[in-house]
K.L.:
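Sharing a structure with you now.
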Amino acid sequence: MAQKNHDRSGAGAGTAVTDPERIRNVVVVGHSGAGKTTLIEALLAASGVIGRAGTVPDGTTVCDHDPAAVRQQRSVALTCAPLIHQEVKVNLLDTPGYADFVGELRAGLRAADAALFVVSAADGMDAATAALWEECAAVEMPRAVAISRLDHPRADVDEAVALCQRVFGDNVLPLHLPMLADDGVQVAGLLDLLARQVLDYSAGHPPQVRPPDPEHLPAITEARNELIEGIIAESEDETLLDRYLGGEQLDPKMLVDDLETAVARGHFYPVLPVCAHTGVGLDALLWLLTAAFPTPTEHPLPAVTGVDGSPRPPLRCDPGGPLVAEVVRTTVDRHLGRVSLVRVFSGTLSPDRRVHVAGHGLADRGHPDHDADERVAHVYRPLGAQLQEVPVCVAGDICAITKSGSAETGDTISAADDPLLVEPWQMPEPLLPVAVVAASRADEDTLSRNLGRLVAGDPTLRLERNAETQQLVLWCMGEAHADVVLDRLRGGGVELTTEPVRVPLRETFTVAARGHGRHVKQSGGHGQYAVCDIEVEPLPPGSGVEFVDRVVGGAVPHQYIPSVEKGIRAQLSRGVVAGHPVVDLRITLVDGKAHPVDSSDAAFQTAGALALRDAAATGRPVLLEPVDEIAVVVPNGFVGAVLGDLAGRRGRVLGTTPTDDDTDRTVVRAEVPATELLRYAVELRSMTSGAGTFSRAFAHYEPAPAS
């Protein structure tokens, strides 16, 4: 959330909404290119928040203010854009549509109470959008669908609605039908099914509202009947269906109330055609967002505990309750420091208040557990990159705070005298490794500082300093994510390059062998004398290294046996073939010689190492490569392609099973060498049109091919 226009003057101070019933939090989702950012820009202009709508190609939109987003002409980060319509504040959360930025999408889902799916009338939808619908269904997130890009030459609204009904399932019903212009191609207006009116945009926005023409009545009647039956099915009035079937003309206001109930329950999904460029449907969409979407008080809140894990009562969206808020996104501004986008679940966040900032459970991502008391100096209403100071932020609203010393994405903000911890949301696992190298020693220091800032704001980025390969590895979600991360590092003044990621290997012996180590030196004065004989035999994979003492008769004095073991283990860590650690061996010390004057701890350490290297000459050592067990989840139609690809990666398929959620997807389990998985995150996404995901876990080591 880079800062562009930071207004702290009295004239620029905003008026805060203090009633959660007058707040709507809506996350806007859909595949890349569906027109989410453009639609939000048009809504901001239509509601008077901005004077003129910007464009994505020009880089002038409110939401795509990140330099990477401007350059790539697509959203790369979660952005909040609030507007006021009919005295209701709507916080629109713009999310990236590209799969690499799923972490930003998950953060948006956490901060929102409803989701607006944007589906292009020209391009349809991708498999990832269908999977996201199922993800929302699993948590009963209220949803609606906006059919966008009506002005595109290939736009087909009817086909887009039919596609949504096929993919999304039951109760996906339009609230409005498109009305074509005289040319029979362009959408000139909408047919309002509930009010049985025509919204005519022929003269521009706002539309002319008039009764429908006679030729419109058959389409309105058929679609309206289906819509009303869908709404009535979710109504709490059990007599409504009988009254409707008896021919009673139902009050449209009553239908709107039942529509809101049906949408809030997550069982009914209205569809609305809308065009950002022509203005068609913008006012209808604003009505839908404010009248039909649930308030924060109607959406379940995450569970909370004490920072020590002790249970606490469920939260309520009450401005007078205990303060509980969550940081859903963190950026670092060169002037303001950390800028944190915060969703307040309970209580009221106000300036000059001491709060407790707690983050737990993400140590494996480079986020060590932390707790700190801080003072919130100011509270802001974010509009893209702009921050406008407000007096308070109540439960159910979204705000921004600055200059926090410790707040990271996913942290909980609570009262300093009663610190709490919000149950974390599910973070996707980064699976694309990128090894980075600083150009100079000075760049290493800058790189370290910038990486700390990036990791604090992006839980999908994992930082690994591999002690074996001596590489600094950034685990990213995909190539686009990696490009953004590298650009942000370079934008912070770091000169760096990337290099191929090296996979840590191991070595072992394949046959039993004997080794003789003789370390004898005499150079005048105190000499060095140590001789030892060992037997080496391979053990089953995963057994580790065993050292056995079978010396008899004191051939090696008792005090030097640990020295022999120390020297052998040091040589094992250095390797005997290619410098990789040696594993899965039993090494037995069977004989040796010592000198009463010249033997020493150092001499027997050297002799032990020499004995192991001597045994390697006949022990037929081999390289071992790590093998991971992976679980690939794909739609059923891609199973064949995935199986064929795994065979080409030297994978062994362990089995295939259908998923438990009845979504026509299959889990393919296999063992694959780790070297074959370095770019699998990118290639699987390409192979499955973005619908495939996978997880991995280390399984074992096995001999690598001779090549």
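No hydrogens, no waters, no symmetry mates; every other heavy atom, side chains included, goes into these values. In what follows, residues are counted from 1 in the order of the sequence shown.
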K.L.:
Assess the residue pair Q388 and Y380 against the criterion (side chain to side chain contact (heavy atoms under 4.5 Å, CB included)); give the C-alpha distance rounded to whole Å, side-chain angles, the decisive distance to 0.1 Å, and a yes or no.
P.N.:
CA-CA 5 Å; Q388 187 179 48; Y380 301 97; over 6 Å; no
K.L.:
State whether the side chain of K36 and the backbone N or O of G30 hold a donor-acceptor pair below 3.5 Å, judged by distance alone.
P.N.:
yes
K.L.:
Would you call L109 and E135 a side-chain contact if the rule is heavy atoms closer than 4.5 Å?
P.N.:
yes
K.L.:
Between E429 and R462 (salt bridge meaning N to carboxylate O under 4.0 Å), is one present in this structure?
P.N.:
yes
K.L.:
Strictly below 4.0 Å, N to O, side chains only: are R110 and E326 in salt-bridge contact?
P.N.:
yes
K.L.:
Would you kindly say whether T305 and E423 are connected by a side-chain donor-acceptor distance under 3.5 Å?
P.N.:
no
K.L.:
Under the salt bridge (Lys or Arg N to Asp or Glu O under 4.0 Å) rule, collect the residues that match up with D126, sequence neighbours excluded.
P.N.:
none
K.L.:
Rounded to the nearest 0.5 Å, how far apart are CD1 of I413 and CG of L420?
P.N.:
12.5 Å
K.L.:
Checking R488 now: which residues fulfil side-chain hydrogen bond (donor to acceptor under 3.5 Å, both in side chains) with it, not counting sequence neighbours?
P.N.:
D66
K.L.:
Residues two or more places apart in sequence or in another chain: which of them pass side-chain hydrogen bond (donor to acceptor under 3.5 Å, both in side chains) with D318?
P.N.:
none
K.L.:
Who pairs with F694 by ring pair (Phe, Tyr, Trp, His ring centres under 6.0 Å), at least two apart in sequence or on another chain?
P.N.:
Y680
K.L.:
Side chain to side chain contact (heavy atoms under 4.5 Å, CB included), that's the test. Do T409 and V328 meet it? Break it down for me.
P.N.:
CA-CA 5 Å; T409 300; V328 294; 5.9 Å; no
K.L.:
Any side-chain heavy atom of E389 within less than 4.5 Å of one from V379?
P.N.:
no
K.L.:
Can you tell me how far apart SG (C63) and CG (L44) are? Round to the nearest 0.5 Å.
P.N.:
6.5 Å
K.L.:
Given side chains that start at C-beta, do those of I147 and V161 come closer than 4.5 Å, heavy atoms only?
P.N.:
yes
K.L.:
Mind checking whether L451 and L489 have side chains closer than 4.5 Å, heavy atoms only?
P.N.:
yes
K.L.:
The criterion is side-chain hydrogen bond (donor to acceptor under 3.5 Å, both in side chains); which residues satisfy it with H481, sequence neighbours excluded?
P.N.:
D458
K.L.:
What verdict does the side chain to side chain contact (heavy atoms under 4.5 Å, CB included) test give for E374 and S406, after you've listed the backbone C-alpha separation in whole Å, the side-chain angles of each residue and the deciding distance to 0.1 Å?
P.N.:
CA-CA 9 Å; E374 299 185 9; S406 62; 2.5 Å; yes
K.L.:
Under a 4.0 Å N-O cut-off, is there an ion pair linking R265 with E140?
P.N.:
no
K.L.:
When rounded to the nearest 0.5 angstrom, what is the spacing between CZ in F101 and CG in L78?
P.N.:
13.0 Å
K.L.:
Taking R52 for the side chain and I50 for the main chain, is one N or O donor matched with an acceptor at less than 3.5 Å?
P.N.:
no
K.L.:
Please set out all donor-acceptor pairs under 3.5 angstrom arising from side-chain atoms of residues 281-291, sequence neighbours excluded.
P.N.:
unit_1	atom_1	unit_2	atom_2	d
D283	OD1	Y201	OH	2.4
T290	OG1	L286	O	2.9
T290	OG1	W287	O	3.2

K.L.:
Name all residues meeting the salt bridge (Lys or Arg N to Asp or Glu O under 4.0 Å) criterion together with R354; count only those two or more places apart in sequence or in a different chain, and write none if there are none.
P.N.:
none
K.L.:
Keeping the roles fixed (side chain from T412, backbone from V422), state whether a donor-acceptor pair exists under 3.5 Å.
P.N.:
yes
K.L.:
Do P96 and S32 come within less than 4.5 Å of each other through their side chains, counting heavy atoms only?
P.N.:
no
K.L.:
List for me each residue that meets side-chain contact (heavy atoms from CB on, under 4.5 Å) alongside V307, sequence neighbours excluded, and say none if there are none.
P.N.:
H356, A358, D371, P419
K.L.:
Just wondering, more than 12 heavy atoms not from R490 lying within 6.0 Å of its CZ?
P.N.:
yes
K.L.:
Can you tell me if S340 uses its side chain to pair, donor with acceptor, with the backbone of V342 under 3.5 Å?
P.N.:
no
K.L.:
I'd like to know if D113 pairs up with R343 as an ion pair, taking the criterion as any Lys NZ or Arg NE/NH1/NH2 lying under 4.0 Å from an Asp or Glu carboxylate oxygen.
P.N.:
yes
K.L.:
Using side-chain heavy atoms (C-beta onward) and a distance below 4.5 Å, is T659 in contact with V633?
P.N.:
yes
K.L.:
Go through the structure and list residues passing side-chain contact (heavy atoms from CB on, under 4.5 Å) with E298, not counting sequence neighbours.
P.N.:
E260, A264, P294, T295
K.L.:
Is M125 close to L163 at the side-chain level, that is, under 4.5 Å between some pair of heavy atoms?
P.N.:
yes
K.L.:
Who pairs with E479 by side-chain hydrogen bond (donor to acceptor under 3.5 Å, both in side chains), at least two apart in sequence or on another chain?
P.N.:
R679
K.L.:
Only one of T55, T61, D94, T95 forms a side chain to side chain donor-acceptor pair (under 3.5 Å) with T37, so which one is it?
P.N.:
D94
K.L.:
Got a donor-acceptor contact below 3.5 angstrom from the D411 side chain to the E408 backbone?
P.N.:
yes
K.L.:
Roughly how far apart are R375 CZ and S404 OG, rounded to 0.5 Å?
P.N.:
12.0 Å
K.L.:
Apply salt bridge (Lys or Arg N to Asp or Glu O under 4.0 Å) to R353 and list each qualifying residue two or more places apart in sequence or on a separate chain.
P.N.:
none
K.L.:
What ring-ring contact (aromatic ring centres under 6.0 Å, His included) pairs are there with at least one residue in residues 109-139, not counting sequence neighbours?
P.N.:
F117-W133, F117-F168, W133-F168, W133-Y269
K.L.:
Do any N or O atoms from the side chain of R338 and from the backbone of A407 form a donor-acceptor pair under 3.5 angstrom?
P.N.:
yes
K.L.:
Look up atom CG in D64 and atom CD in Q72, then write down how far apart they are to the nearest 0.5 Å.
P.N.:
10.0 Å
K.L.:
Report the distance from atom CG of L272 to atom OG of S148, rounding to the nearest 0.5 Å.
P.N.:
11.0 Å
K.L.:
Step through the shown structure and confirm whether more than 12 heavy atoms of other residues, nucleotides or ligands are within 6.0 Å of NE2 on H277.
P.N.:
no
K.L.:
Could you walk me through whether M477 and L431 satisfy the side chain to side chain contact (heavy atoms under 4.5 Å, CB included) test, starting with their C-alpha distance in whole Å, then the side-chain angles of each, then the deciding distance to 0.1 Å, before giving a yes or no?
P.N.:
CA-CA 6 Å; M477 297 301 300; L431 295 167; over 6 Å; no
K.L.:
Any donor-acceptor pair under 3.5 Å linking the side chain of T348 with the backbone of P319?
P.N.:
yes
K.L.:
Do L387 and T402 come close enough that some side-chain heavy atom pair is under 4.5 Å?
P.N.:
yes
K.L.:
Looking at Q426, is its backbone amide N or carbonyl O close enough to the side chain of R106 to form a donor-acceptor pair, meaning the two atoms are under 3.5 Å apart?
P.N.:
yes
K.L.:
Under a 3.5 Å distance rule, please check whether D58 uses its side chain to pair with a backbone N or O of T60 as donor and acceptor.
P.N.:
no
